[in-house]
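Here's the structure we're looking at; comments come further down.
Each chain gets a letter, A, B and so on, in the order its sequence line appears, and its residues count up from 1.
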There are 2 protein chains.
Amino acid sequence: MPRRPPVSRRRKPHQDRAQATCEAILTAAARVLVKNGYEAASTNRIAREAGVSIGSLYQYFPSKEGLVMAVMERHRTRSLAGFEAELVRLASQPLPQAIRALVRQLLTTKLENPRLHQVLHELAPRMRQLGQVDPHEQRLFRLVRAFLAPRAEELRPKDLDMAVFVLVHSVETLCIKAVADRPDYLTNEAFLDELCALMQGYLQPAGASSRTTPKKMTGRGRSSASREISARP
Amino acid sequence: MPRRPPVSRRRKPHQDRAQATCEAILTAAARVLVKNGYEAASTNRIAREAGVSIGSLYQYFPSKEGLVMAVMERHRTRSLAGFEAELVRLASQPLPQAIRALVRQLLTTKLENPRLHQVLHELAPRMRQLGQVDPHEQRLFRLVRAFLAPRAEELRPKDLDMAVFVLVHSVETLCIKAVADRPDYLTNEAFLDELCALMQGYLQPAGASSRTTPKKMTGRGRSSASREISARP
DNA sequence: CCAGAATGTGAGCTAGGACTCACGTTCGCA
DNA sequence: TGCGAACGTGAGTCCTAGCTCACATTCTGG
């Protein structure tokens, strides 16, 4: 029941105190979203949880939706930063190793606060109003595309945009579904193996490949059930 | 704002008239959900759209959530039936052809009412209360597992359950995301090629395979952008 | 130290939506 | 033809949650 179009004539925090209030509201919002879900996450409850009055909340956020958007914004920006750093670091690595490192990065990121990732992911479709395209998603797509473009020769897919679409959405969703239905997968090295196999098999169906270590996935598939995913190999 | 736990002491339709009312409500609900989304789909609006009083709606459905669940139930049952029929039909086909037919089946099903598929898919996480597992998803998993099990020897993945998890979720999501962001993909044969490549590359990374036509995906990748997906090859 | 800006407060307004109930209407059947 | 059961109706109840506003408190610069 939004009363009017979000007028966004909200204060910008200038003093440290205000900054802290904003921070408290955002983290409380994330916490309540995780604990109670979107419906039950009333603005009053979030304010209370933040130790702040409801009035303060509406000084810095134009509406409940605006607040949730801000939470998503912050969260996705951070996640993307981590992913981009890894992408840069792996720019010149051979593809199989790069893929593995990237997937591992995704999984460990999700592992920090799985539920928040899940909730925000499931909330995303409801937030983009009227055909708004998610700028973070666009950015993610461009990053992955830029990563793949130099290796286009070694790759099976001809349509790079379509390949990025396929890769990003499938891996992202598999991580989220794992959070929701199979949390054990998140720390199961065999699952990481499968995600890598999915991407690898899609991009380079063993045979094409290149000058760069075309090793055909050795030592995978047996007795990997108990290995655990850790920070870096 | 549900007022009390859904008491489900609702009438069961006995006469044809009542059956028709139920039907009208269900289809109206689907229509309104597609047109306005879950939030804006008030029960009053759905009743009006169905040409039925709000009282009638609550005679057959215990709550708004119950109604939406019923819509999902019907929709998923139908989709699953189509998929299962195709699965049975393809039981003895070589894997690559079977995969292609199945993916085609999924895409054409989605094509019948793309938005409804999308909306219900995005709504699903909100509906399962308190760790309820979706019986349709479970059934789908079992079906695919039963389809793959006899060919386990030819397949790369050792953990069949995990493989089903990966396959089902990735393909399902890619179809839904295509509906939402790239509707052109749904009728683009190149997209179907990519979905098949994804699954094929995952299950049989060219080299393993079998006695059954191990052809290595010929004639794919160029000038397929304008081919259109039709009923059957 | 004080003026004014920035910040914080929370009781209360209001819209709108889920759901009920007392009452009509139609149907099946003897 | 009449009676009970099934069915249909919609004005109205109740309640929640988003959001405002008039006022209190704290900070900053001169």
DNA chain C contacts made by residues 27-36 of chain A, counting heavy atoms under 4.0 Å: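 None, since no heavy atom is under 4.0 Å.
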[X] [atom1] to [N] [atom2]: how many Å, rounded?
{"X": "B:Tyr38", "N": "C:dG17", "atom1": "OH", "atom2": "C1'", "result": "12 Å"}
{"X": "B:Gln19", "N": "D:dG8", "atom1": "CD", "atom2": "C1'", "result": "16 Å"}
{"X": "B:Glu39", "N": "D:dA17", "atom1": "CD", "atom2": "P", "result": "13 Å"}
{"X": "B:Lys12", "N": "D:dC7", "atom1": "NZ", "atom2": "P", "result": "12 Å"}
{"X": "B:Asn44", "N": "C:dG16", "atom1": "CG", "atom2": "C1'", "result": "10 Å"}
{"X": "A:Ile54", "N": "C:dC13", "atom1": "CD1", "atom2": "P", "result": "17 Å"}
{"X": "A:Ile46", "N": "D:dC19", "atom1": "CD1", "atom2": "P", "result": "11 Å"}
{"X": "A:Lys64", "N": "D:dG18", "atom1": "NZ", "atom2": "P", "result": "4 Å"}

Rounded at 0.5 Å granularity, tell me how far [atom1] in [X] sits from [atom2] in [Y].
{"X": "A:Glu122", "Y": "B:Leu123", "atom1": "CD", "atom2": "CG", "result": "11.0 Å"}
{"X": "B:His117", "Y": "B:Leu111", "atom1": "NE2", "atom2": "CG", "result": "9.5 Å"}
{"X": "A:Ile46", "Y": "A:Leu33", "atom1": "CD1", "atom2": "CG", "result": "5.5 Å"}
{"X": "B:Phe165", "Y": "B:Glu137", "atom1": "CZ", "atom2": "CD", "result": "8.0 Å"}
{"X": "A:Gln19", "Y": "A:Tyr60", "atom1": "CD", "atom2": "OH", "result": "9.0 Å"}

Considering only D:dG10, C:dG8, D:dC7, which nucleotide approaches the side chain of A:Ala18 most closely?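 Ranking D:dG10, C:dG8, D:dC7 by closest atom to the A:Ala18 side chain puts C:dG8 first.
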Heavy atoms from C-beta onward define the side chain here; which of D:dA17, C:dA6, D:dT9 lies closest to that of B:Val52?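 Of the candidates, D:dT9 comes closest.
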Side-chain N,O ([X]) to OP1/OP2 ([N]) below 4.0 Å:
{"X": "A:Thr21", "N": "C:dG8", "result": "yes"}
{"X": "A:Tyr58", "N": "D:dC19", "result": "yes"}
{"X": "B:Ser56", "N": "D:dT9", "result": "yes"}
{"X": "A:Tyr60", "N": "C:dG8", "result": "yes"}
{"X": "B:Thr43", "N": "C:dG17", "result": "no"}

Can you list the steps and then say if A:Leu148 with A:Leu203 is a side chain to side chain contact (heavy atoms under 4.5 Å, CB included)? CA-CA 10 Å; A:Leu148 292 179; A:Leu203 289 173; 4.3 Å; yes
A:Lys64 side chain to A:Ala41 main-chain N or O, any donor-acceptor pair under 3.5 Å?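 Indeed, once roles are kept as given, a pair shorter than 3.5 Å links the two residues.
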Taking B:Thr173 for its side chain and B:Ser170 for its backbone only, find out whether a donor-acceptor pair lies under 3.5 Å.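 A pair under 3.5 Å: no.
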Verdict with reasoning, A:Phe61 to A:Thr43, per side chain to side chain contact (heavy atoms under 4.5 Å, CB included): CA-CA 10 Å; A:Phe61 303 96; A:Thr43 50; over 6 Å; no
Cation-pi check, A:Arg126 to A:Tyr38: give yes when NZ or CZ is under 6.0 Å from the six-membered ring centre and within 45° of the ring axis, no otherwise. yes
Determine, for nucleotides 22-30 of chain C in 5'-to-3' order, which nucleotides have protein heavy atoms under 4.0 Å from the base (write B), from only the sugar-phosphate (write S), or from neither (write -). ----BS---
If you assign each of A:Gly55 and A:Ala41 to its closest nucleotide in DNA chain D, which residue comes earlier from the 5' end?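 Comparing both residues, the 5'-ward one is A:Ala41.
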